[in-house]
Each structure stands twice: as C-alpha cells, then as structure tokens.
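The residues of the chain are indexed from 1 along the displayed sequence.
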Amino acid sequence: MTIEHLRHVLSSRTRFAVQARPGDSQLLRGHGTVRVLRPDSGTIIFDEAGLWTFEDCSNIAFHNIYSWSLQSESPTLSLSHLRYDRNAAVHLVDFIEAAGNEWESASPYACGADIYRARINYSDCGLKLSWTIQGPNKKQRLDYTYLE
C-alpha cells in the first residue's frame with residue numbers, strides 16, 4: 001500500500017472497535033467514533049470518543065486525539081498522541097512499509113520500562129492498528145479496527 005493510499009484510507013475512517021488483552025486479566029472491548037480533521041495536506045487528526053465495556057456490562061467513556069503525519073517524499077508515517085494539545089504532541093512511533101498492506105513501527109516507543117510496538121494492516125475489513133506492550137508489570141495487546 002502506498003503512502004498516498006494509506007492517507008486516503010486514514011482520511012475515510014469514521015468509527016472503530018477496540019479489544020484489549022491485558023495479560024491475565026479480562027478481555028476488554030470498546031467502540032467509538034472518529035472525527036477526522038485535516039489541518040494540512042500532510043496531517044490527519046483522529047479525535048476519538050468511545051466506551052470501554054467490561055465483562056459485567058458496565059461502561060467507561062474514553063477520549064483520545066492522535067496525529068498521523070505522512071511524508072510523501074519519504075515513505076514514513078508518524079503517529080503522535082495529542083494528550084496535552086497540538087503544540088505538545090507526544091511522538092509514539094514512525095511506521096515504515098513492511099510488506100503488502102502492512103506497516104510496522106521502525107523502532108519501539110519506550111514509556112518508562114514499558115516497550116510499545118505497533119503494526120498497521122489494511123484489508124477489506126478495515127484498517128487494523130495493533131499494539132504489543134511489554135514491560136516488567138505490563139504484558140498486553142491492543143487491537144483497534146478503524147472502519148468507514
């Protein structure tokens with residue numbers, strides 16, 4: 001998948017489903033909506049709002065804002081979390097094309113002792129962003145599926 005195609009796919013997402021497998025704990029499921037903003041030709045903002053659903057059917061709301069930066073001159077896709085605001089982005093990973101419709105993080109993101117690795121896969125079922133998190137106290141996987 002070319003970076004231009006990936007840009008188009010990211011721009012067309014409107015909702016997502018997420019599963020979290022936190023080690024030996026219960027499987028968490030969530031879903032939500034994505035509001036896509038295009039502040040410039042190389043940036044796509046995902047403003048996500050959703051609900052986590054627990055095994056007891058209780059819910060908790062969550063909200064995230066991510067910035068996807070695409071560089072046409074070099075086939076790189078950067079992902080940042082806009083936890084504080086657009087001027088204080090926390091850079092997470094740079095993705096490079098792996099094979100076919102897959103992109104993987106060029107190097108992991110370290111948060112304290114925890115190491116985050118990410119992979120993007122695109123198919124007719126949607127755009128899947130998978131995180132693997134390893135650390136002394138963490139072992140989990142997050143799978144986001146972004147849909148139109």
Query raised in the report: Is the backbone N or O of Ser41 less than 3.5 Å from a side-chain atom of Arg7, with the two atoms forming a donor-acceptor pair by type?
Result: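 Pair found, side chain donor or acceptor close to backbone of Ser41.
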Query raised in the report: Is there a donor-acceptor pair under 3.5 Å between the side chain of Ser105 and the backbone N or O of Ala118?
Result: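 At least one qualifying donor-acceptor pair exists.
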Query raised in the report: What's the verdict on side-chain contact (heavy atoms from CB on, under 4.5 Å) for Thr43 and Ser67, showing C-alpha distance, side-chain angles and the deciding distance?
Result: CA-CA 7 Å; Thr43 305; Ser67 175; 3.5 Å; yes
Crowded around [X] [atom1]? As in, over 12 foreign heavy atoms under 6.0 Å?
{"X": "Arg141", "atom1": "CZ", "value": "yes"}
{"X": "Asp56", "atom1": "CG", "value": "yes"}
{"X": "Ile60", "atom1": "CD1", "value": "no"}
{"X": "His91", "atom1": "NE2", "value": "yes"}

Inter-residue atom distance [X].[atom1] - [Y].[atom2], 0.5 Å rounding:
{"X": "Ile133", "Y": "Tyr116", "atom1": "CD1", "atom2": "OH", "value": "4.5 Å"}
{"X": "Lys139", "Y": "Gln134", "atom1": "NZ", "atom2": "CD", "value": "6.0 Å"}
{"X": "Ser130", "Y": "Tyr144", "atom1": "OG", "atom2": "OH", "value": "11.0 Å"}
{"X": "Glu148", "Y": "Ser12", "atom1": "CD", "atom2": "OG", "value": "4.0 Å"}
{"X": "Asp47", "Y": "Leu37", "atom1": "CG", "atom2": "CG", "value": "6.5 Å"}
{"X": "His81", "Y": "Tyr109", "atom1": "NE2", "atom2": "OH", "value": "9.5 Å"}

Report task. Carefully, step by step, assess Leu92 and Ser80 under the rule side-chain contact (heavy atoms from CB on, under 4.5 Å). Result -> CA-CA 5 Å; Leu92 299 174; Ser80 298; 5.6 Å; no
Query - Phe16 ring center within less than 6.0 Å of Phe46 ring center - result: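 Aromatic pair excluded; centres sit 6.0 Å or further apart.
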Query raised in the report: Given the rule in the side-chain contact (heavy atoms from CB on, under 4.5 Å) test, do Arg15 and His31 qualify, once you have shown the distances and angles that lead to the verdict?
Result: CA-CA 8 Å; Arg15 57 194 170 95; His31 66 278; over 6 Å; no
Under 4.5 Å between side-chain heavy atoms, counting indirect links through other Ile/Leu/Val/Met/Phe/Trp/Tyr residues: same cluster for [X] and [Y] or not?
{"X": "Leu77", "Y": "Trp131", "result": "yes"}
{"X": "Leu70", "Y": "Ile96", "result": "no"}
{"X": "Trp52", "Y": "Ile65", "result": "no"}
{"X": "Phe95", "Y": "Tyr122", "result": "yes"}
{"X": "Val9", "Y": "Trp103", "result": "yes"}

Provide the closest heavy-atom pair for [X] versus [Y] in the form atom of the first, atom of the second, distance.
{"X": "Cys125", "Y": "Thr145", "result": "O-CG2, 3.9 Å"}
{"X": "Arg13", "Y": "Gly126", "result": "NH1-CA, 4.0 Å"}
{"X": "Ala89", "Y": "Leu82", "result": "CB-CD2, 3.4 Å"}
{"X": "Ser107", "Y": "Val93", "result": "O-CG1, 3.9 Å"}
{"X": "Gly135", "Y": "Asp114", "result": "CA-OD1, 3.4 Å"}
{"X": "Ser11", "Y": "Ile44", "result": "OG-CD1, 3.4 Å"}

Query raised in the report: Is there a side-chain contact between Arg21 and Gln140 (heavy atoms, below 4.5 Å)?
Result: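 A side-chain contact is absent here, since even the closest heavy-atom pair is not under 4.5 Å.
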Requested in this report: Verify side-chain contact (heavy atoms from CB on, under 4.5 Å) between Tyr66 and Leu79, making sure each step is shown before the conclusion.
Outcome: CA-CA 7 Å; Tyr66 295 102; Leu79 178 61; 3.9 Å; yes
